[in-house]
Amino acid sequence: MRFAAIADIHGNHLGLEAVLADIRAQGISDIVDLGDMVSGPLDARPTIDMLMALDAVHLLGNHDRYLIDRPHEKMGSWERRTFTQLEPKHFDWLRTLPANAVYRDEVFLCHATPQDDETYWLDTVLPGGEVLMSPLEAIEAKAAGVAQSLILCAHTHLARAVRLGDGRLIVNPGSVGSPGYRAGKPHPHVVEAGSPDARYAILEQVDGDWDVTFRHIPYDHAAMAALARHNGEAELASALATGWIR
């Protein structure tokens with residue numbers, strides 16, 4: 001089994017185009033999408049149109065959920081902007097997507113954790129804002145009850161692979177479209193990938209175990225940074241341009 005995992009596109013259609021082209025160049029036809037597809041100050045409509053046309057397994061991320069579970073006036077700024085770009089068919093499609101899924105009986109898929117779509121799993125935020133890898137015991141506790149040998153998650157935009165004590169592997173493929181952000185929960189903090197590349201992962205089953213390849217794909221990130229800046233999102237523009245929040 002060999003497939004690609006993408007996540008956290010956030011309306012970055014140029015990053016998505018580059019990643020899909022690289023996936024095809026690797027000879028891979030099977031794709032899983034871990035959610036947070038369109039919300040953001042970029043180009044939601046071409047992004048969601050590409051994803052709806054893609055033969056892939058899609059999950060509903062927390063920001064996707066915000067587009068369909070609350071009225072427009074109670075949405076965050078990213079969702080309010082995205083909402084105006086989408087058509088009824090797009091919302092209908094989002095409503096069909098699951099929060100979790102099992103892929104080919106052997107891979108468990110979730111957006112953040114198996115229990116909810118907003119909690120960091122492989123990373124922990126300290127009260128001072130430092131973002132560190134979570135303790136193994138805390139990671140394993142959230143994996144309780146998941147039988148599959150490979151578990152995929154997203155949400156933090158940070159590419160990581162963690163081997164559990166029983167041999168199971170948890171992988172976050174990183175973010176296709178947002179290499180940095182500022183958040184307020186559970187404590188104010190900043191996440192920075194350190195480069196503007198679009199990220200995804202290739203997973204391959206080899207002799208009963210999982211081989212992971214993290215891919216960092218250059219694309220026209222300057223165009224996306226300019227769009228974010230035009231839409232009043234200076235910090236996202238910095239992340240898209242450099243991989244750092246400045």
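It should be emphasised that the depicted structure is a prediction, and the values quoted were computed from it without experimental measurement. Residues take their numbers from the sequence shown, with the count starting at 1.
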- Hey, is the main chain of Gly61 close enough, under 3.5 Å, to the side chain of Asp64 for a donor-acceptor pair? yes
- Show the numbers, then the answer: is there a side-chain contact (heavy atoms from CB on, under 4.5 Å) between Ile9 and Asp36? CA-CA 6 Å; Ile9 303 159; Asp36 274 10; over 6 Å; no
- Among His155, His157, His111, His10, find the one that has a ring pair (Phe, Tyr, Trp, His ring centres under 6.0 Å) with His63. His10
- Task: Measure from the ring center of Phe3 to the ring center of Tyr103 and say whether it is less than 6.0 Å.
- Result: yes
- Nearest-0.5 Å distance that lies between atom CD1 in Ile48 and atom NE2 in His13: 14.5 Å
- Any Ile151 side-chain heavy atom under 4.5 Å of Val107 side chain: no
- Query: Hey, mind stepping through Glu204 and Thr213 against side-chain contact (heavy atoms from CB on, under 4.5 Å) and telling me if it holds?
  - Reply: CA-CA 9 Å; Glu204 184 173 8; Thr213 302; over 6 Å; no
- Compare all side-chain heavy atoms of Leu240 with those of Pro196 and state whether any distance is below 4.5 angstrom. no
- Query: Looking only at heavy atoms, which two atoms of Gln26 and Tyr200 are closest? And how far apart?
  - Reply: CG-OH, 3.7 Å
Throw together a table of side-chain donor-acceptor distances under 3.5 angstrom for residues 158-181, partners on residues two or more places apart or in other chains.
residue: Arg160; atom: NE; partner: Asp123; partner atom: OD1; Å: 2.5
residue: Arg160; atom: NE; partner: Asp123; partner atom: OD2; Å: 3.4
residue: Arg160; atom: NH2; partner: Asp123; partner atom: OD1; Å: 2.8
residue: Arg163; atom: NH1; partner: Gly167; partner atom: O; Å: 2.8
residue: Arg163; atom: NH1; partner: Asp209; partner atom: OD1; Å: 3.2
residue: Asp166; atom: OD1; partner: Arg168; partner atom: N; Å: 3.1
residue: Asp166; atom: OD1; partner: Arg168; partner atom: NE; Å: 3.2
residue: Asp166; atom: OD2; partner: Arg168; partner atom: NE; Å: 2.9
residue: Asp166; atom: OD2; partner: Arg168; partner atom: NH2; Å: 3.0
residue: Arg168; atom: NH1; partner: Ala143; partner atom: O; Å: 2.9
residue: Arg168; atom: NH1; partner: Val146; partner atom: O; Å: 2.6
residue: Asn172; atom: OD1; partner: Gly174; partner atom: N; Å: 2.9
residue: Asn172; atom: ND2; partner: Ala154; partner atom: O; Å: 3.1
residue: Asn172; atom: ND2; partner: Thr156; partner atom: OG1; Å: 3.1
residue: Asn172; atom: ND2; partner: Leu158; partner atom: O; Å: 3.4
residue: Ser175; atom: OG; partner: Asp8; partner atom: O; Å: 2.7
residue: Ser175; atom: OG; partner: Gly177; partner atom: N; Å: 3.2
residue: Ser175; atom: OG; partner: Ser178; partner atom: N; Å: 2.9
residue: Ser175; atom: OG; partner: Ser178; partner atom: O; Å: 3.3
residue: Ser178; atom: OG; partner: Gly180; partner atom: O; Å: 3.3
residue: Tyr181; atom: OH; partner: Tyr120; partner atom: OH; Å: 2.7
residue: Tyr181; atom: OH; partner: Thr156; partner atom: O; Å: 3.3

- Query: Roughly how far apart are Arg80 CZ and Gln85 CD, rounded to 0.5 Å?
  - Reply: 14.0 Å
- Query: How many angstroms lie between atom CG of Leu42 and atom CG of Asn231, to the nearest 0.5 angstrom?
  - Reply: 7.5 Å
- Query: Which residue pairs satisfy the side-chain hydrogen bond (donor to acceptor under 3.5 Å, both in side chains) criterion with at least one member in residues 67-76, sequence neighbours excluded?
  - Reply: Arg65-Asp69
- Query: If every non-hydrogen atom of Ala56 is compared with every non-hydrogen atom of His58, which pair is closest and at what distance?
  - Reply: O-CD2, 3.5 Å
- Worked check of side-chain contact (heavy atoms from CB on, under 4.5 Å) between Tyr66 and Met75: CA-CA 7 Å; Tyr66 301 158; Met75 292 178 183; 5.6 Å; no
- Message: With a 4.5 Å cut-off on side-chain heavy-atom distances among I, L, V, M, F, W and Y, is there a chain of contacts connecting Met37 to Leu67?
- Response: yes
Could you tabulate the donor-acceptor pairs under 3.5 Å formed by side-chain atoms of residues 217-230, not counting sequence neighbours?
residue: Tyr219; atom: OH; partner: Asn12; partner atom: ND2; Å: 2.8
residue: Asp220; atom: OD1; partner: Ala223; partner atom: N; Å: 3.3
residue: His221; atom: ND1; partner: Tyr219; partner atom: O; Å: 3.2

- So which pairs with a foot in residues 236-246 pass side-chain hydrogen bond (donor to acceptor under 3.5 Å, both in side chains), sequence neighbours left out? Glu192-Arg246
- Are Val125 and Leu122 grouped together when hydrophobic residues (ILVMFWY) are joined by side-chain heavy atoms under 4.5 angstrom apart? no
- Item | Heavy-atom closest contact (Ile139 atom, Trp121 atom, distance) | O-NE1, 3.0 Å
- Message: For His187, is there any backbone N or O sitting under 3.5 Å from a side-chain donor or acceptor partner on His189?
- Response: yes
- Trace of the side-chain contact (heavy atoms from CB on, under 4.5 Å) decision for Leu126 with Val131: CA-CA 6 Å; Leu126 301 184; Val131 181; over 6 Å; no
- Is there a donor-acceptor pair closer than 3.5 Å between any side-chain N or O of Arg215 and the backbone N or O of Val19? no
- Query: Where the side chain of Thr119 meets the backbone of Asp116, is there a donor-acceptor pair that is under 3.5 Å apart?
  - Reply: no
- Pairs meeting criterion side-chain hydrogen bond (donor to acceptor under 3.5 Å, both in side chains) with involvement of residues 127-143, two or more places apart: Thr124-Ser134
- Determine whether the aromatic ring centres of Phe83 and Phe91 lie less than 6.0 Å apart. yes
- Message: Rounded at 0.5 Å granularity, tell me how far CZ in Phe214 sits from CG in Asp197.
- Response: 14.5 Å
- Identify the two heavy atoms, one from Pro98 and one from Ala101, that lie closest to each other, and give their separation to 0.1 Å. CG-CB, 4.5 Å
- Identify which one of Ile28, Val212, Asp211 satisfies the side chain to side chain contact (heavy atoms under 4.5 Å, CB included) criterion when paired with Ile202. Ile28
- Item | Sequence neighbours excluded - salt bridge (charged side-chain N to carboxylate O under 4.0 Å, His left out) pairs with any residue from residues 25-35 | Asp30-Arg104
- Query: Any side-chain heavy atom of Asp117 within less than 4.5 Å of one from Leu60?
  - Reply: no
- Distance, nearest 0.5 Å, that separates CD1 of Ile31 from CZ of Arg24: 8.0 Å
- Rounded to the nearest 0.5 angstrom, the CG-CD1 distance for Leu54 and Ile6 is 6.5 Å
- Message: With a 4.5 Å cut-off on side-chain heavy atoms, are Trp78 and Pro41 touching?
- Response: yes
- Between Leu59 and Met52, is there a shared hydrophobic cluster once you connect ILVMFWY residues whose side-chain heavy atoms come closer than 4.5 Å? no
- Query: Going through the checks in order, is the salt bridge (Lys or Arg N to Asp or Glu O under 4.0 Å) test met by Asp92 and Arg95?
  - Reply: CA-CA 5 Å; Asp92 290 343; Arg95 292 186 185 97; 3.1 Å; yes
- Task: Mind listing the closest non-hydrogen atom pair of Gly40 and Arg81 along with its distance?
- Result: O-CD, 4.0 Å
- Query: Are Val57 and Met1 in one and the same hydrophobic cluster, where Ile, Leu, Val, Met, Phe, Trp and Tyr link if side-chain heavy atoms are under 4.5 Å apart?
  - Reply: yes
- Query: Shared ILVMFWY cluster between Val102 and Leu109, side chains joined below 4.5 angstrom?
  - Reply: no
